[in-house]
Asks: 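Submitted below is the structure of interest, expressed as C-alpha cells.
Numbers restart at 1 for each chain; the letters A, B, ... are given by sequence-line order, proteins then strands.
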Number of protein chains: 2
Amino acid sequence: MAAPRLLLVEDDPALAELLEFRFRNEGYQVQVTPDGDEALLLAAEEAPDLVVLDWMIEGTSGIEVCRRLRKTKATAHVPILMLTARGAEDDKIRGLETGADDYLTKPFSPRELLARVGAILRRIRPALAGEMLTVGDLTLDATAHKVTRRSQVVALGPTEFRLLRHFMEHPGRVFSRNQLLDAVWGNESEIELRTVDVHIRRLRKGIEVEGAPDPVRTVRSAGYALEAV
Amino acid sequence: MAAPRLLLVEDDPALAELLEFRFRNEGYQVQVTPDGDEALLLAAEEAPDLVVLDWMIEGTSGIEVCRRLRKTKATAHVPILMLTARGAEDDKIRGLETGADDYLTKPFSPRELLARVGAILRRIRPALAGEMLTVGDLTLDATAHKVTRRSQVVALGPTEFRLLRHFMEHPGRVFSRNQLLDAVWGNESEIELRTVDVHIRRLRKGIEVEGAPDPVRTVRSAGYALEAV
DNA sequence: GCCAATTGTCACGCAACTGTCACACAAGGG
DNA sequence: CCCTTGTGTGACAGTTGCGTGACAATTGGC
C-alpha cells in the first residue's frame, strides 16, 4: 500500500520542521500546517491516515478542530493524536472526550511520538506493509496497484503502470525502445518502436501534477530514463 | 450471533454521543440513556450484553443502579463497566463491591474503553466477542455472519460474505480473478473467471448505502480491491 | 414437495485502452 | 543556414475489459 499519510498541525515552526523531517525519514508522507482551519480543509481533501494535532494552535483551537474533524463525514474516522502541554489535565480530558484517540504530553521525544503513531496505524490498518517503490516524489505500490505523486494519487492505464514500475525498479537507467518493449510488452511482441513514445507521453501526462517537473528524461537516439526529482 | 449489545448510561451529552459513535463504528448495538431509572428499565427489557455505567449520573446514583441491576433477576449477571472520576478511590471500591466487573478512571481514551469492553465480553461471554474486521466504514463479524456499513446492517449472500471477508482481511490489496477464485471458491474450482465479476457486482449492490461511495475498486486488467473509505 | 434464495453463465453495450499514423517541432551535423 | 534525424503531439479506429440485466439450474428451509 501507499506510504502512510500524516497531517501535522503544529504552529511552532521549529518543532514542525523537526517532526516533519523525522516522519519523512520513516517513510511517511507528511503535510504540515500551523493553522486549524487549513487543517480541516487538508484533512477533508487529502484524507490522511492520521492527524497529529497540537492543542495550542493559532486560528481555530485544537479542541474545535478535533470536534469538527469528527463531525465531518469525510474525516470522522481519522485517528487523532494530540499534543498537550504538560499538566494541562483539563485539556487532556476534553480532548479525549472530543474524540482524540491518543495524546502525548510535551515535552516528548520524537521517538516516542513515532512509536505511538506506528502503534495507532498498525491497529487501524494492519495491511500497511506492501511492496513499495519510491523514486523522488513518486511512490508505487505494486500490491495495491496505486501510484502516488507528491502525496496525491494519480491514475495510470495498465501499460503506463507497468512502464512506470519498470522504470522505478531501475531508477536513472536509460532503456532503449527495444528494451522497453521486451520488459513491458513481452519478449516476442511485434509492436512498432514508436509506440513506446506514445506510451511515454501518456505516462508523462498521467503523472504530471501542478508544479512538479517531468521526471522522465529523453535521451536522444538512446531511449528514456526515470530521474529522481 | 448478533452484534454485542451495549447499554450506555451517561449524562454528559457530548461524551455520550462520542462513545455511542465509536461503539457503533466497532459494530456494537448501543442504547444510551442519561437516567438511572430508565437504565434499569432498559436493562430489564433489552437484556444488553454489557452495561457501561457512569458513576455520576442524575436521578438514581450509579451505585444504586449497580446494586439494583444485580438484585433484579433478569439483569443479575449482566457485566457492568463503570466510569469513575479521577481519584475517587472510594467509589471504585464500593463499585466493585456492589458488583461492577471493571472500572475505568476518567480521563480515558475511547480506545481504552473499547479495549476493556472487548476484554470483558471475551471473558464473560466468549461467544459474544467474535472476530470483528473493520475497514473504513465497513464492519464484519465473522462469527455472527453479519456485516455493518455506517452502523446499519446489510444483507449479503454466502458467497458475497466470503468475498468481502477475504477483501477485509487484506484491505487495499488488489486480487486477480484467479486469486479470488482460489481464496473464495476453493483451489480446484472450475468456475468461469467472469463469474467473479458478477459476484463483485452483487457485493457492491449488497453493501451500498445512501451517500456512501463504493469501496470496491476495479483495477482494469488486474482485478479488484477493497478501499478504506 | 414447494417456494424462495442463491449460484454460475451468457450476451449485450459502453467506456477505456491500445497501436498506429501523419504532422509539427527540436536537435545536431555539415 | 539547410538538411537529416529523432522526438512530441493530437487524432483515430480497432480492440479489450468490465458493468449489467436476464435466466436456468441448484440449493436449502419449511
Asks: Within the side chain of A:Arg150, is there an N or O that forms a donor-acceptor pair under 3.5 Å with the backbone of A:Val209?
Replies: no

Asks: To the nearest Å, how far apart are B:Ile191 CD1 and C:dT6 C1'?
Replies: 13 Å

Asks: From the list D:dT9, D:dG19, C:dT7, which nucleotide is the closest neighbour of the side chain of B:Thr218?
Replies: D:dG19

Asks: Should the ring pair B:His166 and B:Phe175 be called parallel, tilted or perpendicular, given that the plane angle runs from 0 to 90° and is split at 30 and 60?
Replies: tilted

Asks: Start at the 5' end of DNA chain D and walk down; is the nucleotide closest to B:Asp197 or to A:Arg220 reached first?
Replies: A:Arg220

Asks: Just call it for A:Phe161: base, sugar-phosphate, or nothing, with non-hydrogen atoms closer than 4.0 Å on any strand.
Replies: nothing

Asks: Is a side-chain N or O of B:Arg162 found less than 3.5 angstrom from the main chain of B:Val184, in a donor-acceptor match?
Replies: yes

Asks: Nearest to the side chain of A:Val198 - C:dT20, C:dT7, C:dT18?
Replies: C:dT20

Asks: NA contact type, A:Val219, heavy-atom cut-off 4.0 Å: base, sugar-phosphate, or nothing?
Replies: sugar-phosphate

Asks: For A:Arg202 and A:Gly223, find the nucleotide of DNA chain D closest to each by heavy atoms; which residue's nucleotide sits nearer the 5' end?
Replies: A:Gly223

Asks: Is it the case that the base of D:dG8 and the side chain of A:Arg194 share a donor-acceptor contact (distance under 3.5 Å, atom types as modelled)?
Replies: yes

Asks: At less than 4.0 Å, is any side-chain N or O atom of A:Arg204 found next to OP1 or OP2 of D:dG8? Yes or no.
Replies: yes

Asks: Can you check the B:Glu192 CD to D:dC18 P distance for me, whole Å?
Replies: 14 Å

Asks: Is the phosphate of C:dG19, meaning OP1 or OP2, less than 4.0 Å from a side-chain N or O of A:Trp185?
Replies: yes

Asks: Which residue, A:Asp197, A:Asp182, A:Thr195, forms the side chain to side chain donor-acceptor pair (under 3.5 Å) with A:Arg177?
Replies: A:Asp197

Asks: Taking only side-chain nitrogens and oxygens of A:Arg177, does any of them come within less than 4.0 Å of OP1 or OP2 of D:dG6?
Replies: no

Asks: Please report, rounded to the nearest Å, how far the P atom of D:dG21 is from the NE2 atom of B:His199.
Replies: 16 Å

Asks: Using the side-chain heavy atoms of A:Thr195, tell me which of these nucleotides is nearest: D:dT16, C:dT20, D:dT20.
Replies: C:dT20

Asks: For the residue pair A:Arg149 and A:Val229, what are the closest heavy atoms and their distance?
Replies: NH2-CG2, 3.9 Å

Asks: Given atom CD1 of A:Ile200 and atom P of C:dT18, what is their separation to the nearest angstrom?
Replies: 14 Å

Asks: How close or far is atom C1' of D:dG19 from atom NZ of B:Lys205, stated in whole angstroms?
Replies: 11 Å

Asks: Could you state the atom-to-atom distance from CG of B:Leu156 to C1' of C:dT6 in whole Å?
Replies: 13 Å

Asks: Is the shortest side-chain heavy-atom distance between A:Thr33 and A:Leu7 below 4.5 Å?
Replies: yes

Asks: Go through D:dT9, C:dT6, C:dG8 for me and flag the one nearest to the A:Arg201 side chain.
Replies: D:dT9

Asks: Which nucleotide wins on minimum distance to the side chain of B:Tyr224, given the candidates D:dG10, C:dT7, D:dG19?
Replies: D:dG19

Asks: How many Å lie between CG on B:Leu180 and P on C:dT7, as a whole number?
Replies: 15 Å

Asks: I want to confirm an ordering. Mapping A:Leu193 and B:Thr159 to their closest nucleotides on DNA chain C, which one lands closer to the 5' end?
Replies: B:Thr159

